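Just so it is clear, the structure is predicted and the values come from calculations on it, not from any experiment. The chains referred to below are lettered A, B, ... by the order of the sequence lines, with proteins before strands, and numbering in each begins at 1.
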Number of protein chains: 2
Amino acid sequence: MIESDGPVPPYLQLVEILAERIERGDWQPNRPIPSELQLVQEFGIARGTVRRAVAVLRERGLVFTVPQRGTFVAPSSAASTE
Amino acid sequence: MIESDGPVPPYLQLVEILAERIERGDWQPNRPIPSELQLVQEFGIARGTVRRAVAVLRERGLVFTVPQRGTFVAPSSAASTE
DNA sequence: TTCGATTTGTCCGTATGTATC
DNA sequence: AGATACATACGGACAAATCGA
């Protein structure tokens, strides 16, 4: 999944993967994305890498993080399923 | 009713629900609100969560608690009085 | 008085998540 | 990569006080 020795930094690869999932609607608005630990296990990367990727998603406005609660898909980040 | 994995902590969701009921006059001043156990059963959450929510209502001055008696709507929390 | 039911008060341990170092 | 801290939530257990039968 994530290429550790390629030209693209792992955290940026993860950004693209997660962004695609969000835009595809895999996770609904105001619903939590997988926890940092789950992403660490799924992609076999370090937690710091996950956090860096999530920070980018946050800057892009795709997600928002509530301390001690989790990271959630931004309300305006997905196509309407309704 | 209460979303356990949403951005807003369950105890804060309960605060808003109970505050609305009080301000709407569902429970009269100096009358007891449902017991902790009843709220636990109604909302399907843990007692600790209920207690935390009630503590917030107490801080807001909406209710007052008498040990071993119950929690009551504060005298100045509703409109209809005689 | 004794008993049981009710209600708040308190403490324990476990789990999850993010925050920080 | 690991350790610690903090906030939240759950479940259980017990105490203390109140009330009524």
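The backbone N or O of Glu3(A) sits less than 3.5 Å from a side-chain atom of Gln13(A), completing a donor-acceptor pair. Looking at Glu20(A), its side chain never comes within 3.5 Å of a backbone N or O of Ile17(A) through a donor-acceptor pair.
When every heavy atom of Ser4(A) is checked against every heavy atom of Pro10(A), the shortest pair comes out as CA-CG, 4.3 Å. The two residues Ala19(A) and Leu62(A) make their nearest non-hydrogen contact at CB-CD1, 3.8 Å.
Arg52(B) places its CZ atom 10 Å from the P atom of dC10(D), with the value rounded to the nearest Å. Summarising the geometry, the separation between CZ on Arg47(A) and P on dA3(D) is reported as 13 Å, rounded to the nearest angstrom. Computed from coordinates, the Gln13(B) CD to dA7(D) P distance equals 20 Å when rounded to whole Å. Nucleotide dA1(D) holds its C1' atom 13 Å from the CD1 atom of Ile45(A), rounded to whole Å. Atom C1' of nucleotide dG2(D) and atom CZ of Arg51(A) are separated by 14 Å, given to the nearest angstrom.
Counting non-hydrogen atoms under 4.0 angstrom, Gly48(B) reaches nothing in the nucleic acid. Across all strands, Ser4(B) comes closer than 4.0 Å to no nucleic acid atom at all (heavy-atom distances).
At a threshold of 4.5 Å between non-hydrogen side-chain atoms, the residues Tyr11(A) and Val56(A) count as touching. Considering only heavy atoms from C-beta on, Trp27(B) comes within 4.5 Å of Ile22(B) through its side chain.
Residues from residues 32-44 of chain B placing a heavy atom under 4.0 Å of any atom in DNA chain C, listed by number, are Ser35(B), Glu36(B).
At most 12 heavy atoms of other shown residues, nucleotides or ligands fall within 6.0 angstrom of atom CZ in Arg31(B).
Contacts between chain A and DNA chain C, taken as any atom within less than 4.0 angstrom of a protein heavy atom, begin and end at dG17(C) to dT20(C).
Under 4.0 Å is where a charged nitrogen must lie from a carboxylate oxygen, and between Glu23(B) and Arg60(B) no such pair does.
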